[in-house]
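Worksheet: one structure, shown below.
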There are 2 protein chains.
Amino acid sequence: MKNNVTMRDIAEKIGVSSVTVSKALNDKEGVSDELKEKIKQLAEKMGYRFNTAARSMKDGLSFNIGVIIPERFTGLAQSFYLNFYQSISRVLEEQGYYGILHILRAEDEDGLKLPRIYLEQKVDGFIILGQIKKPYIKKLQTVELPAVFMDFYDDESHMDAVITDNFYGAYDITNYLIRNGHEKIAYVGNIYSTSSIQDRFLGYYKSLLEHHIKLNEKYILNDRDNHGKYIELELPEELPTAFVCNCDQVAHILIAKLKEMGYSVPDDFSVVGFDNDIYATITEPGLTTVEVNIEEMSRTAVVFIHEKIRDKDKKHGRVQIKGNIIYRDSVKNIKKD
Amino acid sequence: MKNNVTMRDIAEKIGVSSVTVSKALNDKEGVSDELKEKIKQLAEKMGYRFNTAARSMKDGLSFNIGVIIPERFTGLAQSFYLNFYQSISRVLEEQGYYGILHILRAEDEDGLKLPRIYLEQKVDGFIILGQIKKPYIKKLQTVELPAVFMDFYDDESHMDAVITDNFYGAYDITNYLIRNGHEKIAYVGNIYSTSSIQDRFLGYYKSLLEHHIKLNEKYILNDRDNHGKYIELELPEELPTAFVCNCDQVAHILIAKLKEMGYSVPDDFSVVGFDNDIYATITEPGLTTVEVNIEEMSRTAVVFIHEKIRDKDKKHGRVQIKGNIIYRDSVKNIKKD
DNA sequence: CTGAAAGCGCTTACAG
DNA sequence: CTGAAAGCGCTTACAG
């Protein structure tokens with residue numbers, strides 16, 4: 001690649017040293033304004049492009065952030081985290097960083113194999129998008145690079161985490177159902193599966209408690225096995241009037257099942273979701289759901305990782321970003337006035 | 001970052017030069033097998049991580065590929081290209097590369113602004129995913145980096161392109177409808193919008209021609225304006241028995257509309273799509289559609305860009321990757337036997 | 001305000 | 001089989 005314009009080329013053309021060119025292009029002190037301007041213009045004219053690799057060598061920073069998504073959260077039907085990645089990648093670019101996506105294979109996660117982006121010093125830090133297994137979290141902690149968890153947390157490890165406010169989101173939307181006259185409300189989700197599903201369940205439970213509605217164990221419906229694979233939903237004998245689903249996709253599946261059984265939503269049952277992802281709009285009727293504020297979460301995570309790169313000891317702890325309820329057509333007011 | 005282990009550290013510990021360490025770790029000639037093994041083990045033990053930046057400086061290669069997606073093909077409801085990117089990113093990683101995603105903003109596309117990944121020498125080449133405007137194509141050609149188009153092509157510019165076999169895909173699936181007794185078949189798509197939609201239309205047309213079915217202009221239904229925004233579908237007065245949709249998403253929209261009008265699919269109308277994306281499985285009934293072979297296309301594009309990086313003058317032209325028909329439940333056999 | 005020197009960590013000839 | 005030297009393109013003290 002000898003045909004690339006370097007600072008030295010510019011320097012020679014103008015009769016100064018490359019140090020001066022460096023200072024000028026980086027807007028540093030110690031170059032007269034005229035010269036600065038002259039250098040900048042010549043650089044532009046010569047088609048100068050900054051060589052990131054050289055800078056990286058000097059300060060040991062790549063200005064790349066590795067965004068790690070466990071394989072099981074990807075696939076044709078699961079675009080949520082990819083959208084998340086897109087948002088992160090956008091925010092990173094605004095901040096002068098780049099996001100390198102790494103899909104963490106199940107075997108690497110189990111085998112505690114660190115991604116090559118780490119082994120090749122390709123990145124300055126990690127954003128981990130989606131719950132990873134405990135041993136892998138431990139493994140990541142042995143690594144000196146900063147990491148921020150997104151959309152999940154792990155209490156033992158005290159890693160910084162940016163999560164959606166699962167608890168209050170579920171609490172709010174359950175309150176909304178109750179305000180609409182519902183009392184027999186089921187929760188759909190494997191409450192032993194992920195922290196998100198658990199916290200959403202607890203928010204739902206809090207709402208019940210506050211309204212002195214007794215928690216009915218038969219109204220906790222399992223939606224997936226412990227590997228995250230969806231299983232056939234089993235409805236209780238005595239049916240509720242409303243369902244709080246732990247995510248929009250499960251709400252979509254539930255509604256399909258109810259329709260198959262000859263029921264109508266929201267006329268026979270009200271259903272709410274969580275996430276506001278593609279399933280919320282694609283479902284007929286549109287889902288009333290809790291929006292995950294992807295943009296705000298991305299912004300926060302990027303600020304965190306940036307600060308941690310500059311200061312290794314910086315801690316942020318667990319930060320919850322509140323989402324709003326998006327009202328669509330899957331809830332019916334059954335209050336008898 | 002002084003606390004990183006370098007080749008020199010390993011060399012000193014073992015009493016050889018860093019050249020020998022470099023040779024050993026890269027499995028080059030000129031080091032005895034014993035020494036090689038010893039060096040590798042020590043490297044492992046000392047937690048040595050290769051410094052990509054240093055290698056980049058030497059040979060001017062970043063081992064990053066910029067994957068550019070125009071903004072208008074992204075968003076919550078459009079995960080197709082993100083899935084594509086994921087597949088590309090996976091294949092790149094297998095080949096020792098990394099894919100850096102760049103969402104091309106509309107204003108940058110119109111303003112002919114090159115992405116920063118180019119200006120900062122972050123990437124060795126581009127994969128452009130999704131049709132970009134002509135002037136931007138021209139702009140890209142002024143750049144010395146190799147580029148491969150994916151899922152679209154541009155005839156004037158003779159840029160290498162990996163596309164799905166739109167023509168024969170649509171031809172095959174239209175043939176399939178005809179074999180099922182359909183003769184009044186509409187095509188849904190703005191045939192002036194993208195080359196894909198146009199080619200799929202022509203495949204549909206070829207099938208009609210071969211079966212001596214006259215093309216009815218009223219059976220060409222526009223689905224989007226020239227900015228790609230979906231518009232309300234207008235059905236012809238005399239309805240067809242089947243619809244060939246230019247993509248699954250439009251098939252989804254069409255089926256929703258037909259259902260609203262009180263019709264049933266496939267009982268009243270057969271509908272087929274193209275892409276086999278999330279809309280194909282989410283639609284009720286599941287869509288019979290032409291699968292885009294994302295994996296194979298990614299593989300091909302990565303091979304192309306890799307070859308072009310090594311040999312600037314390498315040309316591949318336009319390569320079509322054939323997809324298969326995925327049979328689901330949106331087509332009814334109406335042949336009277 | 002300007003620049004010579006040194007160094008970031010590796011690799012590529014080349015010499016022994 | 002092994003290594004000294006030079007260089008990739010930049011930046012950071014430091015000297016003037």
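Each chain gets a letter, A, B and so on, in the order the sequences are listed, and its residues count up from 1.
- Checked for salt-bridge contact, Glu109(B) and Arg72(B) meet the test: a charged N lies under 4.0 Å from a carboxylate O.
- Between Tyr81(B) and Phe84(B), the angle of the ring planes lies from 30° to 60°, which puts this pair in the tilted group.
- Checking side-chain atoms of Ser298(B) against main-chain N and O of Ile294(B) turns up a donor-acceptor pair under 3.5 Å.
- Following rounding to the nearest Å, Leu35(B) (CG) and dG3(D) (P) show an atom-to-atom distance of 8 Å.
- Here the P atom of nucleotide dC1(C) and the CD1 atom of Ile39(A) are 13 Å apart, to the nearest Å.
- Here Tyr85(B) and Tyr85(A) bring their ring centres to under 6.0 angstrom of each other.
- Rounding to whole angstrom units, NZ of residue Lys38(A) and C1' of dC1(C) are separated by 15 Å.
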_Where protein sits on nucleotides 10-16 of chain C, one letter per nucleotide: B base, S sugar-phosphate only, - none, heavy atoms under 4.0 Å_ = BBB----
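- Thr20(B) has a side-chain polar atom (N or O) that falls below the 4.0 Å cut-off from OP1 or OP2 of dG3(D).
- The interatomic distance linking Met57(A) (CE) with dC8(C) (C1') rounds to 4 Å, in whole Å.
- Counting only Watson-Crick and G-U wobble pairs whose two key distances fall under 3.5 Å, DNA chain D forms stems of three or more stacked pairs at C:1-3 with D:14-16, C:5-12 with D:5-12, C:14-16 with D:1-3.
- By the 4.0 Å N-to-carboxylate-O rule, Glu71(A) lies close enough to Arg90(B) to be salt-bridged with it.
- Ile305(A) contributes atom CD1, which lies 13.0 Å from atom OG1 of Thr300(A) (distance to the nearest 0.5 angstrom).
- Aromatic ring centres of His102(A) and Phe126(A) lie farther apart than the 6.0 Å criterion allows.
- Looking at Tyr48(A) and Ile10(A), their side chains come closer than 4.5 Å, going by heavy atoms from C-beta outward.
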